[in-house]
Amino acid sequence: MRLRFAPSPTGALHVGGARTALYNWLLARHDGGTLVLRIEDTDRERSTPENVEQILDALRWLQIDYDEGPISQVARSERHKQVLAQLLDGGHAYHSTATKAEVDAFKAEHGSKQGFRGEAEPSGAIRLRVPDDGETVVHDLIRGDTTFAHVHLDDPVIARADGSVLYNFAVAVDDLDAGITHVVRGEDHLSNTPKQLLVLEALGAQPPVYAHLPLLHGSDGRKLSKRHGAASVQELRDEGYLPEALRNYMALLGWGSQDDETIISTDELVQQFSIERVSKNPAQFDHQKLRWLNGRYVRALPVDELTQRLEAFTGRGGLRAAVEISREKMQTLADFWPLAGFIFDGPADDPAAREKWLDEAGRVTLRAVRDALAPLAQFTQSAVQAALEGVVAALGVKPKQVFQPIRVALAGRAVSPGIFETLAVLGRDESLARIDRALRS
RNA sequence: GCCGCUAUCGUCUAGGGGACUAGGACGCCGCCCUCUCACGGCGGAAACCGGGGUUCGAAUCCCCGUAGCGGUACCA
């Protein structure tokens, strides 16, 4: 199998494109095949080096690698010109100066169901000659056969008047030259496929096998865009998602394993993935489910590994102890600092929490807590726990009445990692200092 | 407008003629666990787009309708 991922560098890589890349990668790795990366940069207006770099960066982060490329499509313009000449010589294509208005006029005259047919002219853009009769059938691994009657097709422009080639032509030639056996791409290309097939047929070439993936939609059922929150791979990375979790989630968007499992490692995906099981209907991208799935992956990570990732994510060091006590409460890497940042930056400022838990009764309790903690020989989690449970028993109050004031004194908020763990991580001096500060304020 | 694709809980899906009183997961609701928040456990509400066929029998096959989406560029 020779597959390809062929993004157009007109913006950041979005999850839709990332999923297409993933599916191609999964198929290539499953089969021991080859994945070719091609950059479809024939739109010179919108294609930029920055966008190319963004795509490469996104693929690197996702750990989706490729075996050949990246190949720039414009770099192949000599070959494209050569094939263009071949089609012109063979009478399969012709120059035409017909404008959009003229095409519309043609249809008005011949009926809206009649595709445009032009006359050969000495100059102008180049159109592919579509046969008047007959049909082109797209054989699709996911959708079965789709028939396109030639009479409905316009003679497509395959090269601009300046000689530069257009997508439907370049794709067909490049896939052919790269020896691509399977074209796996979004369903938005299904209607383009007969044009590409016609180019290949004019060249007398054998077409690849096609598989058109269902499109990805946002939460409102419409095309995924900025409106739906993070839509690019970079944004997802910045929101603290793990690449392995994102791969798992994207795989599930349009595909289900036989036993309908939800958590599937990348290795298992490589083993199980098959194009035949890809569904035909569009899927909506659901941040909620991704968050949940990411939480599962976060919790499955060894503490050292998670610490390393969080240190890279936050740009801070010495996080291990804080990570250990807060990992159960995180769903994304971005959740860490709001939850545990107080350990390093000092207590947060939450007036509502102070008012509720550091009232007169809270302060009385906090003093008792201080007296119980100060003389501890070992300031370990278990020693702290024993001491505090002693305070609870001695005061005869609910545990919460003792723990919440401590929590607010240490963290400045009513939410934090477990209180025994937090005290142990902060250590005696810092803990007592924070308690004293709370009592003074 | 024309061409085409699609149609199972709110969402992602399992299902490929009888095993379906339609299963799982996210989310939601309730209970349990509990020092907060989470995690975890248990339970619950929630779907076969509509209409015709085919068949002894249809979520599954066919047709029509409807809806959504895609294409219809000298964009990709």
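What you see is a predicted model, and the numbers here were worked out from it, not measured in a lab.
Contacts classified as ring pair (Phe, Tyr, Trp, His ring centres under 6.0 Å) and involving residues 401-427 of chain A (residues at least two apart or in different chains) are given here: A:F403-A:F420. For residues 413-425 of chain A, no residue pair satisfies the salt bridge (charged side-chain N to carboxylate O under 4.0 Å, His left out) rule, not counting sequence neighbours.
Set against B:C5, B:G70, B:C75, the side chain of A:R143 has B:C5 as its closest nucleotide. Relative to the side chain of A:N281, the nucleotides B:C75, B:U6, B:C35 differ in distance, and B:U6 lies closest. Counting only heavy atoms from C-beta on, A:L166 has its side chain closest to B:C74 among B:C12, B:C74, B:C35.
As a whole-Å value, the separation of A:Q401 CD from B:U36 P is 11 Å. In this structure, NE2 of A:H189 is placed 9 Å from P of B:G71, rounded to the nearest angstrom. A:K398 places its NZ atom 11 Å from the P atom of B:U36, with the value rounded to the nearest Å. In this structure, A:D43 places its CG atom 13 Å from P of B:C74, rounding to the nearest Å. Distance A:L213 CG to B:U6 C1': 14 Å, rounded to the nearest Å. Following rounding to the nearest Å, A:R277 (CZ) and B:A14 (C1') show an atom-to-atom distance of 8 Å.
Contacts between residues 328-361 of chain A and RNA chain B, defined by a heavy-atom separation below 4.0 Å, involve A:E328, A:K329, listed by number.
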Can I get a per-line list of side-chain donor-acceptor pairs under 3.5 Å for residues 208-215 of chain A, giving both atom names and the distance, sequence neighbours left out?
residue: A:H212; atom: ND1; partner: A:D140; partner atom: OD2; Å: 2.7
residue: A:H212; atom: NE2; partner: A:R185; partner atom: NH1; Å: 3.2
residue: A:H212; atom: NE2; partner: A:T193; partner atom: OG1; Å: 3.2

Taking only nitrogen or oxygen atoms into account, show me every contact under 3.5 Å that the protein makes with nucleotides 24-26 of chain B, one pair per line with its distance.
residue: B:G24; atom: N3; partner: A:D260; partner atom: OD2; Å: 3.2
residue: B:A25; atom: O4'; partner: A:T262; partner atom: OG1; Å: 3.4
residue: B:A25; atom: N3; partner: A:K289; partner atom: NZ; Å: 3.0
residue: B:C26; atom: O2'; partner: A:K289; partner atom: N; Å: 3.3

Below 3.5 Å is the cut-off: list the nitrogen or oxygen pairs between protein and nucleotides 1-4 of chain B, distance only.
none

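Contact of A:R46 with B:C75 (side chain to base): a donor-acceptor pair of N or O atoms is detected under 3.5 Å. Residue side chain A:N192 reaches the base of B:A76 through a donor-acceptor N/O pair under 3.5 Å, judged by distance alone.
The nucleotide B:A7 finds its pairing partner in B:U66, both defining distances of the Watson-Crick or G-U wobble pair being shorter than 3.5 Å. In this structure B:C31 sits in a base pair with B:G41, meeting the Watson-Crick or G-U test at under 3.5 Å. Searching all strands for a Watson-Crick or G-U wobble partner of B:A73 with both distances below 3.5 Å returns nothing. Under the Watson-Crick or G-U wobble criterion, with both distances below 3.5 Å, B:C61 is paired with B:G53. Across the strands present, B:C20 finds no partner; the criterion is a Watson-Crick or G-U wobble pair with both atom distances under 3.5 angstrom.
A distance of about 16 Å separates the P atoms of B:C26 and B:A38, rounded to the whole Å.
No hydrogens or angles considered: nothing links the side chains of A:D267 and A:S265 as a donor-acceptor pair under 3.5 Å. Between A:Y94 and A:D155, the side chains place a donor N or O and an acceptor N or O closer than 3.5 Å (distance only, hydrogens not considered). Side chain to side chain, A:S382 and A:Q385 fail the donor-acceptor criterion of an N or O pair below 3.5 Å.
Side-chain rings of A:Y167 and A:H189 approach one another, their centers coming within less than 6.0 Å.
Taking the ring axis of A:F273 as reference, the NZ or CZ atom of A:R277 does not stay both within 45° of it and closer than 6.0 Å to the ring centre.
The two atoms that bring A:D132 and A:H150 nearest to each other are O-CB, 4.2 Å, heavy atoms only.
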